[in-house]
Amino acid sequence: MRTHYCGQVDKTLTDQTVTVCGWVNTRRDHGGIIFIDLRDREGLVQVVCDPDTAEVFAAAERVRSEYVLRVRGRVVARAPGLVNPRLASGEIEIVAAELEILNASVTPPFQVDDENLSETTRLTHRVIDLRRAQMQNNLRQRYRIAMAVRRFLDAEGFIDIETPMLTRSTPEGARDYLVPSRVHHGMFFALPQSPQLFKQMLMVSGFDRYYQITKCFRDEDLRADRQPEFTQIDIETSFMAEADIRALMEILIRGVWKQELGVDLPDPFPVLTWADAMRDYGSDKPDLRIPLKFCELTDVMKTVEFKVFSGPANTAGGRVAALRVPGGGELTRGEIDGYTEFVKIYGARGLAWIKFNDVAQGREGMQSPIVKNLSDEALEAIVARAGVQNGDIVFFAADRAKVVNDALGALRQKVGHEKGFVEGAWRPVWVIDFPMFEYDDEDRRWVAMHHPFTAPKDGHEDYLSSDPSQALAKAYDMVMNGWELGGGSVRIHRADVQSKVFEALAIGAEEADMKFGFLLDALRYGAPPHGGIAFGLDRLSAMIAGAESIRDVIAFPKTQRAQDLLTAAPSVVDEKQLRELHIRVREQTRA
């Protein structure tokens with residue numbers, strides 16, 4: 001039906017006859033001549049409809065926005081003053097000899113070039129929204145990224161192997177989406193949160209290097225970078241050490257950034273231990289574009305009379321930390337109060353602060369309600385450890401370590417972006433040496449920080465039984481600008497180590513067999529040393545596209561309430577379907 005895409009018709013085709021198809025972006029009647037901007041996935045081309053060609057002109061008069069047309073005509077150069085340098089086709093136009101209306105359109109809910117649209121409107125009318133140039137570019141870029149990943153992994157000997165979508169429910173950190181079985185009364189499949197167990201079994205099967213770009217499902221609360229169904233670049237390999245896996249994945253990501261953005265990322269990526277990341281940034285995915293760091297004050301505040309600081313400092317699991325903001329002495333009281341309210345979102349009860357007007361004057365050069373409550377020794381330690389200069393402000397947080405890290409870490413991000421501290425465009429980092437376990441206060445037991453098949457660091461096996469809090473994992477996350485791009489680990493392949501991990505997690509042999517028996521059986525048949533990583537394709541694509549939400553790089557996403565506004569899903573199903581599944585829906589009772 002066509003010889004060229006609209007956006008590919010350029011001056012090299014001048015005086016040639018072409019046929020294009022597409023949607024009417026705009027139609028303009030200039031007193032006897034009708035101009036139509038015709039759009040397809042490659043861009044726009046201007047079509048001129050002259051009244052001298054009566055049939056063409058009559059058809060053009062009927063055309064409206066989003067009509068689907070087929071146009072045949074001669075490519076001619078635009079007059080010098082009418083060239084549009086923003087378009088690839090901006091130097092030419094097509095003088096229509098034939099114009100066929102392939103399909104009409106009702107009036108669309110919004111103009112495709114309208115940028116001031118609510119997300120609700122966009123997702124409800126997603127078919128029209130996807131016609132917008134930005135969405136077309138985003139999804140095509142996502143395709144290029146996926147193809148770059150496939151080419152790289154194929155060249156490195158990885159094999160694309162599919163794993164099941166209907167599988168067994170296993171504990172992996174989030175709620176499963178359950179699928180009732182019609183054939184097996186009262187039993188359920190689960191949609192996979194990840195292919196974790198299957199890819200480990202593929203390593204035992206001898207496939208050595210596996211990958212797939214696959215859907216994963218988690219029934220959890222949503223944010224801008226979360227969806228109930230998301231796409232994962234899943235990778236696993238045998239006989240490679242942790243450092244080798246990380247080095248190979250760096251090459252992959254550097255190649256993607258170079259291809260799509262022309263950016264040369266560092267070689268190698270910097271590395272932070274989890275402990276250092278939490279100490280300096282309060283986050284295991286720090287945005288290193290922001291140079292601000294925490295200052296540790298827990299030991300200093302143990303002896304001060306100010307109970308707000310000394311209480312947490314002398315409590316097991318407590319922390320007192322500070323954040324110096326260079327030049328922050330210019331902050332108004334209103335801005336400080338705003339930051340105080342902000343950190344309360346993260347559990348902090350307040351936000352103490354000191355402005356340093358003249359460091360040389362000691363406490364006389366400091367401005368704050370808390371200065372009178374701190375000793376000279378404590379104030380001198382703050383100045384020395386934080387590297388305070390005249391005109392700075394220092395914020396303090398004192399509470400349980402998690403609250404301090406969450407609150408002060410979020411404040412660091414907010415101040416860093418609002419006050420212009422961001423340096424550079426891209427700052428990748430590996431975060432390694434995660435704890436094997438974290439303590440669940442509610443259940444009063446240790447739980448796996450990642451999953452129970454993550455291997456401990458060499459020499460840490462004895463901690464599994466003697467002191468689980470000291471055990472570190474061969475786990476690693478790739479972080480970019482405060483976003484976790486991917487995470488992985490070396491897996492346990494020895495039965496004795498796996499048994500120790502289960503003991504630390506208070507998982508008995510019977511429970512382990514019930515939940516993970518199929519994997520444990522496989523591991524008994526000569527499991528090789530193996531490990532892997534999974535990248536979020538949605539996050540990766542959103543970062544490269546500069547999108548605020550991964551919904552802008554997914555063709556048909558869900559809302560933050562896990563709803564599909566286009567298809568009105570989830571929806572009720574008829575009683576017959578429920579009976580076949582032996583399910584009855586009860587009315588929700590009010591609390």
Side-chain angles (χ1 to χ4, degrees), residues 145 148-149 152 156 225 233 235 237 240-296 321 323-326 385-387 405-406 408-417 420-436 449-450 454-455 457-458 472-490 531-536 539-540 542-544 546:
I145 292 168
V149 169
F152 175 83
E156 293 294 331
D225 59 347
I233 304 168
I235 302 169
T237 181
M240 285 188 74
E242 174 187 341
D244 298 323
I245 296 172
R246 289 196 278 113
L248 187 63
M249 294 304 105
E250 277 189 29
I251 298 172
L252 167 62
I253 295 301
R254 275 196 294 269
V256 170
W257 251 254
K258 182 67 174 179
Q259 170 187 290
E260 291 303 313
L261 299 172
V263 169
D264 292 308
L265 293 177
D267 181 8
F269 289 0
V271 178
L272 273 176
T273 67
W274 179 88
D276 288 347
M278 300 306 291
R279 181 196 65 206
D280 292 343
Y281 308 106
S283 171
D284 58 9
K285 46 181 182 294
D287 187 345
L288 296 189
R289 296 174 303 167
I290 301 170
L292 308 180
K293 288 186 177 182
F294 291 4
C295 167
E296 185 60 54
L323 179 70
R324 178 177 76 94
V325 180
R385 291 192 181 186
N405 293 339
D406 290 349
L408 213 56
L411 181 65
R412 173 183 172 272
Q413 288 280 111
K414 186 174 179 65
V415 171
H417 284 275
F421 287 102
V422 176
E423 299 175 349
W426 303 105
R427 292 291 302 275
V429 62
W430 284 106
V431 178
I432 65 171
D433 292 355
F434 283 80
M436 282 282 292
M449 180 168 276
H450 287 84
T454 300
K457 286 182 68 69
D458 296 338
L472 298 181
K474 292 182 179 179
Y476 37 85
D477 283 355
M478 182 187 288
V479 175
M480 182 83 76
N481 295 2
W483 281 35
E484 178 192 329
L485 282 189
S489 68
V490 173
I533 193 169
F535 293 100
R539 289 186 185 181
L540 203 157
M543 286 204 76
I544 291 176

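Here the structure is a predicted model, which is why all the values come from computation and not from measurement.
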Exercise for review: Take Ile290 and His417, measure what side chain to side chain contact (heavy atoms under 4.5 Å, CB included) needs, and give me the verdict at the end.
Suggested key: CA-CA 8 Å; Ile290 301 170; His417 284 275; 3.8 Å; yes
Check your understanding: Can you list the steps and then say if Arg246 with Glu242 is a salt bridge (Lys or Arg N to Asp or Glu O under 4.0 Å)?
Key -> CA-CA 6 Å; Arg246 289 196 278 113; Glu242 174 187 341; 3.5 Å; yes
Exercise for review: Evaluate the side chain to side chain contact (heavy atoms under 4.5 Å, CB included) criterion for residues Leu472 and Phe434: first the C-alpha distance (whole Å), next the side-chain angles of each, then the deciding distance (0.1 Å), finally the verdict.
Suggested key: CA-CA 6 Å; Leu472 298 181; Phe434 283 80; over 6 Å; no
Exercise for review: List the steps, then state whether side chain to side chain contact (heavy atoms under 4.5 Å, CB included) holds for Ile235 with Phe535.
Suggested key: CA-CA 8 Å; Ile235 302 169; Phe535 293 100; 4.3 Å; yes
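Using a cut-off of 4.0 Å between Lys/Arg side-chain N and Asp/Glu carboxylate O, Asp433 and Lys457 are scored as salt-bridged. Between Arg412 and Asp287 there is no salt bridge, since no side-chain N of the basic residue sits under 4.0 Å from a carboxylate O of the acidic one.
Here the straight-line distance linking atom NZ of Lys474 with atom CD1 of Ile432 works out to 12.0 Å at 0.5 Å rounding. Here the NZ-CG distance, from Lys293 to Leu323, works out to 12.5 Å after rounding to the nearest 0.5 Å. For the atom pair Trp257 CH2 and Met543 CE, the distance stands at 5.5 Å (nearest 0.5 Å). Note that OG of Ser283 is 12.0 Å distant from CG of Leu408, once rounded to the nearest 0.5 Å. Of the inter-residue distances, the one linking Met249 atom CE with Leu485 atom CG reads 13.0 Å to the nearest 0.5 angstrom.
In this structure, Tyr476 contributes its side chain and Ser489 its backbone to a donor-acceptor pair below 3.5 Å.
With sequence neighbours excluded, the residues that form a side-chain contact (heavy atoms from CB on, under 4.5 Å) with Glu296 are Thr298, Arg319. Residues that satisfy the side-chain contact (heavy atoms from CB on, under 4.5 Å) test with Arg427, not counting sequence neighbours, are Leu288, Arg289, Asn481.
The two residues Cys295 and Arg385 have their closest heavy-atom pair at SG-CB, 3.3 Å. Minimum interatomic distance between Gly409 and Phe294 (heavy atoms only, all atoms of both residues): N-CZ, 3.4 Å. Across all their heavy atoms, Pro291 and Phe421 have their closest contact at CD-O, 3.1 Å. Closest heavy-atom contact between Gly487 and Asp477: CA-OD1, 3.2 Å. Annotation for Ala475 and His450: closest pair CB-CE1, 3.8 Å, computed over non-hydrogen atoms. Heavy-atom minimum distance, Val256 versus Ala148: CG2-CB, 4.3 Å.
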Show which side-chain atoms of residues 261-278 pair as donor or acceptor with protein atoms under 3.5 Å away, not counting sequence neighbours.
{"from": "Asp264", "atom 1": "OD1", "to": "Lys258", "atom 2": "NZ", "distance (Å)": "3.2"}
{"from": "Asp264", "atom 1": "OD2", "to": "Lys258", "atom 2": "NZ", "distance (Å)": "3.4"}
{"from": "Asp267", "atom 1": "OD1", "to": "Arg254", "atom 2": "NH2", "distance (Å)": "3.4"}
{"from": "Thr273", "atom 1": "OG1", "to": "Asp276", "atom 2": "N", "distance (Å)": "3.1"}
{"from": "Thr273", "atom 1": "OG1", "to": "Asp276", "atom 2": "OD2", "distance (Å)": "3.3"}
{"from": "Asp276", "atom 1": "OD1", "to": "Arg279", "atom 2": "NH1", "distance (Å)": "3.1"}

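For the side-chain contact (heavy atoms from CB on, under 4.5 Å) test with Thr237, the passing option among Ile533, Ile245, Leu248, Asp244 is Ile245; the others fail.
With a 4.5 Å cut-off on side-chain heavy atoms, Val431 and Pro286 count as touching. When side chains are defined from C-beta on, Met480 does not count as touching Arg539, because their heavy atoms never get closer than 4.5 Å. By the 4.5 Å heavy-atom criterion applied to side chains, Val479 and Trp430 are not counted as neighbours. Within the 4.5 Å cutoff, side-chain heavy atoms of Ile253 are placed close to those of Met478. Counting heavy atoms from C-beta on, the side chains of Asn405 and Tyr281 never come closer than 4.5 Å.
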